[in-house]
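Report on the following structure.
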Amino acid sequence: MTQVQTEFKLGSMRCRNRVWVASGTFGYGDECLDLVDVNKIGAIVTKSLSMKPRDGNPPPRVVETTGGMINSIGLANIGVDRFLEEKAPFLKTLDTAVIVNIAASTIEEYRAVLERIEAAECCHAYEINVSCPNVKEGGLSFGTNVRMTAEITRELRPLTGKPIIIKLTPNVTSVSEFARAVEDEGADAVSLINTLVGMSVDVKTRRPKISTTTGGLSGPAIKPVALAKVYETVKSVSIPVIGIGGITSVNDALEFLITGAEVVEIGTANYINPNVAVEIAEGIELFCREQNIENAADIIGTLQTDQTISVVKSWM
Amino acid sequence: MTQVQTEFKLGSMRCRNRVWVASGTFGYGDECLDLVDVNKIGAIVTKSLSMKPRDGNPPPRVVETTGGMINSIGLANIGVDRFLEEKAPFLKTLDTAVIVNIAASTIEEYRAVLERIEAAECCHAYEINVSCPNVKEGGLSFGTNVRMTAEITRELRPLTGKPIIIKLTPNVTSVSEFARAVEDEGADAVSLINTLVGMSVDVKTRRPKISTTTGGLSGPAIKPVALAKVYETVKSVSIPVIGIGGITSVNDALEFLITGAEVVEIGTANYINPNVAVEIAEGIELFCREQNIENAADIIGTLQTDQTISVVKSWM
Amino acid sequence: MKIELLPVVKCEQLTATVFALHLRSSYISDIIQPGQFINIKVQTGNYPLLRRPFSVARTHRDVITIIFDIVGEGTRILSEKRPGDTVDVLGPLGHSFTLPSAGTRPVLVAGGLGMAPMPLLTQNLKANGFSNIETFLGARSKQFLVDYELTNVKYATDDGSAGHHGTVISLLDEWLENNSHNELSIYACGPNPMLRGLQELLRVYSLSGEISLECVMACGIGICQGCPVESVNSTGRYRLVCNEGPVFDIHSVMIQ
Amino acid sequence: MKIELLPVVKCEQLTATVFALHLRSSYISDIIQPGQFINIKVQTGNYPLLRRPFSVARTHRDVITIIFDIVGEGTRILSEKRPGDTVDVLGPLGHSFTLPSAGTRPVLVAGGLGMAPMPLLTQNLKANGFSNIETFLGARSKQFLVDYELTNVKYATDDGSAGHHGTVISLLDEWLENNSHNELSIYACGPNPMLRGLQELLRVYSLSGEISLECVMACGIGICQGCPVESVNSTGRYRLVCNEGPVFDIHSVMIQ
Ligand SMILES: Cc1cc2nc3c(=O)[nH]c(=O)nc-3n(C[C@H](O)[C@H](O)[C@H](O)COP(=O)(O)OP(=O)(O)OC[C@H]3O[C@@H](n4cnc5c(N)ncnc54)[C@H](O)[C@@H]3O)c2cc1C
Ligand SMILES: Cc1cc2nc3c(=O)[nH]c(=O)nc-3n(C[C@H](O)[C@H](O)[C@H](O)COP(=O)(O)OP(=O)(O)OC[C@H]3O[C@@H](n4cnc5c(N)ncnc54)[C@H](O)[C@@H]3O)c2cc1C
Ligand SMILES: Cc1cc2nc3c(=O)[nH]c(=O)nc-3n(C[C@H](O)[C@H](O)[C@H](O)COP(=O)(O)O)c2cc1C
Ligand SMILES: Cc1cc2nc3c(=O)[nH]c(=O)nc-3n(C[C@H](O)[C@H](O)[C@H](O)COP(=O)(O)O)c2cc1C
Ligand code: FES
Ligand code: FES
């Protein structure tokens with residue numbers, strides 16, 4: 001069989017393959033060069049950047065749970081200035097797509113960060129992390145308010161011709177409502193899921209295991225939830241859906257593609273093996289070759305559900 | 001030290017201890033008599049009962065995931081008539097509290113089931129499963145609609161003097177909003193969480209691993225989510241909160257009690273060891289004895305959070 | 001039924017991926033009936049989470065044996081058990097095969113690891129005076145045939161590498177054509193496609209029989225409702241494989 | 001740093017719960033420096049999920065050794081490794097202790113399993129001509145003292161069951177009172193309360209020193225930001241234990 005087609009295009013961005021590394025789980029792309037040929041990754045999504053550097057939360061910031069981990073990093077990042085100075089020049093030398101993930105506590109800050117990065121021409125797309133506390137509304141997350149999520153998209157859309165991906169939070173009743181809202185405002189894609197709100201307690205000390213009491217749950221434990229949210233979303237929008245959550249193997253990634261995700265992002269699994277995205281990308285290629293699939297795109301959305309089972313017959 | 005006090009009272013119901021078995025994970029209480037002295041369980045919550053018997057969903061109905069399982073039982077149950085005939089007489093002989101869990105697809109059905117059970121005087125309290133598809137609103141779950149959830153509570157409240165516990169679904173943006181709404185309508189307690197929506201795909205066949213595509217995720221994987229939802233809820237209501245989700249050990253149960261749950265329910269863990277609730281109850285007693293705690297109630301809500309960490313400084 | 005921590009007597013490798021695990025339990029060995037199963041928590045902790053069901057393949061004094069294939073993490077972990085380890089077992093569970101009435105001829109039909117309950121059934125039949133057992137054993141290929149303490153076996157392989165070239169059902173078909181159908185007691189276990197084939201074959205010959213079904217289980221004891229099989233002519237639409245089965249009259253269920 | 005599957009040479013039990021695991025890696029044994037660590041995936045699959053960090057305790061030719069205590073599932077699984085098994089290792093990671101300048105006297109202070117990096121440090125100091133090493137080793141009680149390839153050791157136990165009755169810090173305090181403080185190079189590792197005690201003691205004596213910190217880590221390589229320690233006088237508020245440490249100047253960090 002001839003070469004398997006693995007390329008993915010989103011507007012002006014071309015990615016070698018459909019396996020990306022998720023924000024906050026691969027630093028700024030220059031930390032693991034000993035372990036990974038980063039040019040084999042479909043796209044590198046940076047740690048969330050805010051305008052000013054952020055120290056992040058007090059320790060402890062991470063704790064392992066069954067099949068997962070909770071984190072409370074507090075968006076620790078080096079800020080736009082240092083990013084442009086210290087990281088962007090290296091990222092520009094790469095032969096892979098770079099997606100800057102943006103976090104902010106006001107809409108103005110989202111705008112300002114995007115404008116600075118856009119002016120520096122150092123990336124191929126933006127991923128907007130809306131799971132950030134909105135300081136103007138008492139710290140409630142932008143991402144759990146559909147109006148605010150739409151507004152961020154509306155404000156950012158005119159500022160760039162590059163693709164804008166809105167990264168949705170799963171901590172809402174209906175994630176597809178959010179996906180539709182940002183699609184209407186011109187988002188090029190949605191990525192999901194960000195972490196689930198989770199908590200763990202140290203019974204000996206009677207204190208939470210992370211300093212902020214609750215944090216974000218990630219890892220294989222949440223994969224079923226992520227897959228269900230992706231399934232809900234692909235049925236509701238026509239822009240590409242990027243699947244994230246608990247992916248550690250080729251099989252996991254294929255589950256998301258079959259369900260309808262155009263791309264997957266690998267998060268927590270990078271902590272165990274920073275080369276895992278490359279290995280998964282190669283595994284998907286092998287799967288295609290074995291199954292005589294010419295283009296990885298042909299896997300996407302091929303889930304066969306039983307139509308005779310009515311919707312009202314819910315699973316409860 | 002003298003005997004540890006483990007009793008828990010909710011209105012007219014007295015429970016020997018604070019460890020119950022969760023609905024759908026202990027049948028009707030008469031299946032495991034070889035394995036468990038059921039009189040040592042704090043309370044037995046029955047499988048959800050509907051008016052008519054329900055066959056449930058086509059197979060496959062269960063699949064294991066990392067640290068959890070997805071189920072799509074489809075509320076298979078024997079219906080009120082057979083319950084009263086075949087199960088209630090046995091349950092009445094027990095020296096432990098019995099809580100009938102009710103599921104329905106219309107508000108009228110909720111009423112009708114409760115009235116039938118109430119007339120038969122065969123239980124000490126009701127737990128209302130609101131995670132059921134509402135046939136009148138196109139199959140959307142009652143439990144994701146705060147107005148409907150409140151209405152169910154309002155309708156049922158006058159029908160019994162026994163405690164009514166509303167069992168909340170975690171698949172909403174703000175579970176505490178639901179807890180407050182049912183508290184306002186006179187619910188005696190809330191229990192949470194029911195299962196998270198989850199999904200799993202068989203890559204070989206490209207079919208969902210359970211017949212209804214999505215199902216309910218339970219087990220240790222969801223414990224962090226359950227704990228966070230309980231934490232959110234105990235801060236918002238003054239009625240007792242009953243913690244459920246992924247509890248498999250004494251340590252897990254203590255995490256919930258410390259966080260503020262008055263009682264815990266054990267679900268999936270019963271499938272591995274039907275005696276686990278009894279073992280956890282005994283473990284909590286031992287913990288109290290070792291720590292010189294006279295009444296298990298003194299553990300509840302003793303979580304020490306760091307007040308210097310501001311709320312706006314979120315965990316993202 | 002009981003939950004016991006059973007000492008591992010031996011873990012024996014039978015083929016590349018098939019193992020026989022011998023466990024000590026006088027409780028189970030005393031009361032187990034052919035077709036019944038045990039539910040094993042392969043290691044402590046939450047991974048894998050659920051128990052794994054296995055037919056008891058034979059007993060010898062106070063030792064019970066299961067025969068299993070490595071298909072995932074649970075069976076891989078089981079295959080690494082050594083004398084000195086213990087295994088957490090819930091059992092015995094489920095309904096057994098019904099012993100034939102005197103004078104009938106037992107016919108055992110197994111595909112792949114569906115052979116697992118057959119040695120115990122054979123043991124039992126012999127103990128009850130049945131010496132005329134016919135066993136039909138099929139597999140994809142020679143190296144997948146697991147002939148463990150079976151009697152009077154006829155083999156079938158999909159690729160013809162041993163015995164009859166074809167499925168075990170076609171082998172049985174041939175045999176039925178050339179033998180009297182009077183007073184046969186047919187017992188079968190194997191993958192669902194094989195059992196469906198058998199169901200059809202027996203319908204053609206107007207024969208009855210018992211099959212042991214497999215399906216994914218969460219509890220194994222009737223409390224989760226997770227293991228339904230669609231039934232023919234019963235009050236409800238489904239029956240539970242774990243506690244109404246795993247052995248069913250072959251014509252009473254719709255094999256998926 | 002590299003990810004390698006390392007063959008297990010031996011798993012040696014040192015005390016009731018402490019083990020020495022010997023692994024073969026010429027790559028790591030060639031370049032490892034005292035105080036650096038490796039990050040181990042204790043078994044395949046998703047449980048436990050994250051790697052577990054361990055100081056390298058010594059090297060011998062191409063064999064590296066870690067010394068660990070069973071505190072949870074990960075270390076329990078590690079303790080069951082046998083020759084023939086392999087272990088998935090990422091390393092070496094982190095910054096090492098700084099070797100003292102010639103003429104100074106190395107003082108090693110360890111509490112409990114904080115002794116783990118000390119044998120390699122001792123090896124290294126000796127190889128660099130330091131023969132006058134002083135080692136202070138403390139534990140709760142005699143049976144928790146793990147004296148593995150250490151030199152010139154003075155013991156302290158909280159319950160007085162061996163050596164000095166009291167903490168290792170009070171033992172060091174006594175020693176400092178009776179000895180010259182000139183040209184000491186202090187290296188310490190142990191639980192945070194001990195390190196806080198040491199920090200205060202050294203402040204009193206106006207001495208400097210290096211400590212190796214432990215904290216929960218998700219990645220071990222600087223990509224998760226999960227392992228901050230509050231720092232004194234640095235640009236940002238925090239430094240990362242995994243790749244800016246685990247060895248820090250004792251007066252540069254706020255020990256939690
Ligand atoms: C009553 C009964 C008796 C059984 N007896 C035997 C036996 O004697 N010997 C034997 O080798 N196997 C037997 N099985 C099947 C055995 O239980 C599974 O192979 C085992 O649970 C797989 O565990 P795992 O963790 O290795 O694989 P997993 O990782 O759980 O699964 C691997 C693959 O096996 C499938 N599978 C998982 N559980 C089951 C199941 N319960 N039934 C069928 N397929 C399953 C999965 O869908 C998946 O494709 C029996 C099953 C039942 C229900
Ligand atoms: C740089 C570094 C070097 C280390 N070197 C050694 C060593 O040489 N020998 C040794 O025995 N241990 C060492 N540790 C600690 C070791 O990593 C933990 O004991 C181990 O990860 C526990 O794994 P577990 O699965 O057995 O326990 P878990 O079930 O994960 O946890 C059990 C208990 O240990 C605590 N714990 C878990 N991880 C850590 C951690 N990284 N640091 C501190 N406490 C933790 C948990 O909070 C919990 O209370 C080191 C840690 C670090 C960061
Ligand atoms: C430690 C940690 C830090 C993270 N930081 C960010 C971040 O800065 N911005 C963001 O959008 N998502 C962040 N995430 C979320 C991940 O990108 C991803 O959405 C989530 O972890 C689910 O995927 P996983 O289960 O594969 O990890 C972080 C996750 C972890 C575990
Ligand atoms: C197979 C299965 C069936 C269940 N059936 C019911 C049910 O009938 N009614 C109900 O309110 N909850 C039902 N539940 C939810 C449990 O009672 C519990 O809320 C949930 O599983 C989370 O707890 P766990 O993680 O301890 O299992 C069921 C759960 C499982 C796994
Ligand atoms: S496996 Fe639970 S009812 Fe059969
Ligand atoms: S452990 Fe991940 S940054 Fe240090």
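Letters go in sequence order (proteins before strands), and every chain restarts at 1.
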* Asked: Side chain, backbone, both or neither: which part of C:Q225 has a non-hydrogen atom closer than 4.5 Å to chain B?
  -> both
* Could you look at C:K2 and say if it's the side chain, the backbone, both or neither that has a heavy atom under 4.5 Å from chain B? => backbone
* **Per-residue contact mode, C:R52 against chain B (heavy atom under 4.5 angstrom)** => side chain
* For B:T212, does its backbone N or O pair with a side-chain atom of B:N57 as donor and acceptor, under 3.5 Å? -> no
* Structure fact -> Okay, B:P53 and chain C: the region with an atom under 4.5 Å from a heavy atom over there is neither
* Are B:D202 and B:R207 close enough for a salt bridge, meaning some N to O gap below 4.0 Å? -> no
* **B:F83 and B:Y28 aromatic ring geometry - parallel, tilted or perpendicular at 30°/60° bounds** => tilted
* Structure fact -> Counting heavy-atom pairs under 4.5 angstrom with chain C, the leader among B:T65, B:N275, B:T248 is B:T248
* To do: Answer whether the closest heavy-atom distance between the side chains of C:Y238 and C:S231 falls below 4.5 Å.
  => no
* Asked: Have C:S25 and C:E4 got a donor and an acceptor in their side chains that come within less than 3.5 Å?
  -> yes
* Charged N to carboxylate O under 4.0 angstrom, B:K223 versus B:D252? -> yes
* Asked: What part of B:L35 gets closer than 4.5 Å to chain C, counting heavy atoms only: side chain, backbone, both or neither?
  -> side chain
* Structure fact -> Ranking B:E31, B:M69, B:E64 by heavy-atom pairs under 4.5 Å to chain C gives rank one to B:E64
* Under 4.5 Å heavy-atom distance to chain C, tell me which part of B:T268 shows up: side chain, backbone, both or neither. => side chain
* So which part of C:I3 gets closer than 4.5 Å to some heavy atom of chain B, the side chain, the backbone, both or neither? -> both
* Trace of the salt bridge (Lys or Arg N to Asp or Glu O under 4.0 Å) decision for B:E85 with B:R82 -> CA-CA 5 Å; B:E85 204 168 302; B:R82 276 185 62 197; over 6 Å; no
